[in-house]
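Report on one structure; see the data block that follows.
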Amino acid sequence: MHNRFDQFRASSLGRQLEQLIDSPQRYIEYCALSRVGLPAISAIVDELQQKFPDIEDDQGARQFCGAMVADVMRRHQHQLLRARGRVPGGYFSYGAVWSARPQQRTIADLLGMLAAMPQAVQQRLAALDHDAQRQRPPGIGFSALEHLCHLRDLDRDAFLPRINAILEQQRPLLYGVNGSEWARERDYQQQDFAAAGQDFASARAQLLQRLQHCDDTALARIGIWEGQRRLTLAELVADIADHDATHLQEIDELLLALSGIHA
């Protein structure tokens, strides 16, 4: 989940919603709904209506719910099928529809997904004018320009350094970054849109070049995430692909919001 939700997640309401959404029993419900082609988030609508009437008009809280459900499904290796399926019962007009079962991805699959990302983003954002490029959606979310800058900077200043550290060091310590703080500190909203897109494509090409010749031994090398979790280089590559997928989903939602279709 994007760290722009970190502040909300740490709040009392965020903790309550996370407890509601992220549990083994709830995951079973998400799977059952996915197998009949319904958005997984439908599983929590009834309980939200009963116990959380205060979030009906809270766009940020409802966005957090969607991001939390997506986090659970991606963690269990389900893939997004449709960004907007109809959600019955209120609170959410639309929700993501996920694959019925987990889908294993090879390293070749993951690298192909990473390679396709810059063009996928550019195709989605190409028609936006100057003002639309900088318009944020209601609630908690990035503008199109902020998405581009965030993707560029993570590849250049976070993902590639982590890959290099795993390949060059023995069990290096890896640390997260705060993308929301970067957006403010680096003043993303004032940056050049075309240059950000070009620089993202360049940064992604460099990242892929570093990964291109990694064999099974290299992919099995380990880094230690913030002193708590050991992950292989292959798992880091999967995390980057999942991060890309989250941004594509959010960009699609942003474009619908900009066209006047609100969740």
Side-chain angles (χ1 to χ4, degrees), residues 1-7 9-10 18 22 24 27 67-68 70-80 102-118 120-121 142 146-186 188 199-250:
M1 181 185 296
H2 284 310
N3 51 32
R4 68 172 171 273
F5 287 107
D6 284 353
Q7 185 174 359
R9 191 175 192 174
E18 183 170 2
D22 191 1
Y27 170 62
M68 191 75 243
D71 191 60
V72 172
M73 298 303 281
R74 287 200 173 97
R75 195 167 69 234
H76 288 89
Q77 300 188 53
H78 292 262
Q79 303 304 306
L80 182 67
Q103 297 182 354
Q104 298 296 323
R105 298 170 294 180
T106 68
I107 192 66
D109 293 334
L110 294 169
L111 293 178
M113 294 166 64
L114 297 187
M117 180 65 173
V121 173
F142 278 165
E146 287 173 314
H147 277 289
L148 272 180
C149 293
H150 175 80
L151 290 164
R152 174 203 64 201
D153 285 0
L154 276 186
D155 270 18
R156 185 178 61 194
D157 300 333
F159 293 150
L160 184 56
R162 290 171 194 162
I163 291 167
N164 287 335
I166 290 176
L167 290 172
E168 297 167 5
Q169 303 172 34
Q170 287 296 322
R171 294 185 292 279
L173 287 173
L174 309 174
Y175 295 96
V177 298
N178 191 315
S180 297
E181 288 185 2
W182 277 8
R184 292 190 297 271
E185 293 169 357
R186 302 182 182 196
Y188 285 170
D199 290 344
F200 171 46
S202 176
R204 178 54 56 93
Q206 292 178 37
L207 184 149
L208 288 166
Q209 185 176 19
R210 189 68 167 110
L211 292 169
Q212 185 175 9
H213 300 297
C214 288
D215 58 15
D216 290 345
T217 299
L219 291 167
R221 289 180 64 88
I222 290 170
I224 302 176
W225 183 257
E226 297 190 338
Q228 299 179 10
R229 172 195 171 202
R230 295 193 177 200
L231 77 165
T232 65
L233 178 57
E235 289 171 331
L236 176 59
V237 173
D239 286 349
I240 297 172
D242 287 341
H243 178 266
D244 280 357
T246 297
H247 272 278
L248 285 180
Q249 183 179 355
E250 292 185 356

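Quick caveat: nothing in here was measured; it's all calculated off a predicted structure.
The nearest pair of heavy atoms linking Ala241 to Leu110 is CB-CD2, 3.8 Å. Closest of all the heavy-atom pairs between Pro118 and Phe200 is CA-CE2, 3.6 Å. Contact record, Pro172 with Ala165: CG-O, 3.4 Å, taken as the closest heavy-atom pair. Between Leu167 and Ala218 the shortest heavy-atom distance is CD2-CB, 3.9 Å.
Ala245 meets the side chain to side chain contact (heavy atoms under 4.5 Å, CB included) test with Arg74; sequence neighbours excluded. Evaluation of the side chain to side chain contact (heavy atoms under 4.5 Å, CB included) rule for Pro102 yields Tyr27, Gln77, His78 as partners, not counting sequence neighbours. With sequence neighbours excluded, no residue satisfies ring pair (Phe, Tyr, Trp, His ring centres under 6.0 Å) with Tyr188. Arg156 pairs by the salt bridge (Lys or Arg N to Asp or Glu O under 4.0 Å) definition with Asp153, not counting sequence neighbours. The salt bridge (Lys or Arg N to Asp or Glu O under 4.0 Å) check on Asp239 picks up Arg229, with sequence neighbours excluded. In this structure, the ring pair (Phe, Tyr, Trp, His ring centres under 6.0 Å) partners of Phe159, at least two apart in sequence or on a different chain, are His243.
A heavy-atom distance below 4.5 Å is not found between the side chains of Tyr175 and Arg162. For the pair Arg171 and Arg230, the minimum side-chain heavy-atom distance is below 4.5 Å. With a 4.5 Å cut-off on side-chain heavy atoms, Leu233 and Ile222 do not count as touching. With a 4.5 Å cut-off on side-chain heavy atoms, Asp157 and Arg152 do not count as touching. The side-chain heavy atoms of Ile166 and Leu174, taken from C-beta on, include a pair separated by under 4.5 Å. Put simply, the side chain of Cys214 does not reach to within 4.5 Å of the side chain of Ile107, judged on heavy atoms. In this structure, the side chains of Met68 and Arg9 come closer than 4.5 Å at one or more pairs of heavy atoms.
Among residues at least two apart or in separate chains, salt bridge (charged side-chain N to carboxylate O under 4.0 Å, His left out) pairs with a member in residues 105-116 are Arg105-Asp242. Listed by first and then second residue, the side-chain hydrogen bond (donor to acceptor under 3.5 Å, both in side chains) pairs involving residues 213-228 amount to none (not counting sequence neighbours).
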Open item on the list: Evaluate Ile240 against Ile163 for side-chain contact (heavy atoms from CB on, under 4.5 Å), listing each step before the verdict.
Closed with: CA-CA 11 Å; Ile240 297 172; Ile163 291 167; 4.3 Å; yes
- [ ] Under the side-chain contact (heavy atoms from CB on, under 4.5 Å) rule, what do His247 and Met117 come out as? Steps first, then yes or no, please.
- [x] CA-CA 10 Å; His247 272 278; Met117 180 65 173; 4.2 Å; yes
Could you list the donor-acceptor pairs under 3.5 angstrom formed between side-chain atoms of residues 204-212 and any protein atom two or more places apart in sequence or on another chain?
residue	atom	partner	partner atom	Å
Arg204	NE	Asp155	OD2	2.7
Arg204	NH1	Leu114	O	2.9
Arg204	NH1	Asp244	OD2	2.8
Arg204	NH2	Asp155	OD1	3.1
Arg204	NH2	Asp155	OD2	3.3
Arg204	NH2	Asp244	OD1	3.1
Arg204	NH2	Asp244	OD2	3.4
Arg210	NE	Asn164	OD1	2.5
Arg210	NH2	Glu168	OE2	2.9

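From His150, atom NE2 reaches atom CD of Glu250 across 8.5 Å, with rounding to the nearest 0.5 Å. The CZ atom of Phe142 sits 9.5 Å away from the SG atom of Cys149 when rounded to the nearest 0.5 Å. Annotation: the span from Gln104 atom CD to Gln79 atom CD amounts to 9.5 Å, rounded to 0.5 Å. Taken from CG in Leu111 to CE in Met113, the straight-line distance is 10.5 Å, to the nearest 0.5 Å. Between Leu160 atom CG and Leu154 atom CG the span is 12.0 Å, to the nearest 0.5 Å.
Using a distance-only test at 3.5 Å, with no hydrogens or angles considered, a donor-acceptor pair links the side chain of Glu235 to the main chain of Thr232.
Taking the charged nitrogens against the carboxylate oxygens, Arg75 and Asp22 do have a contact shorter than 4.0 Å, which makes a salt bridge.
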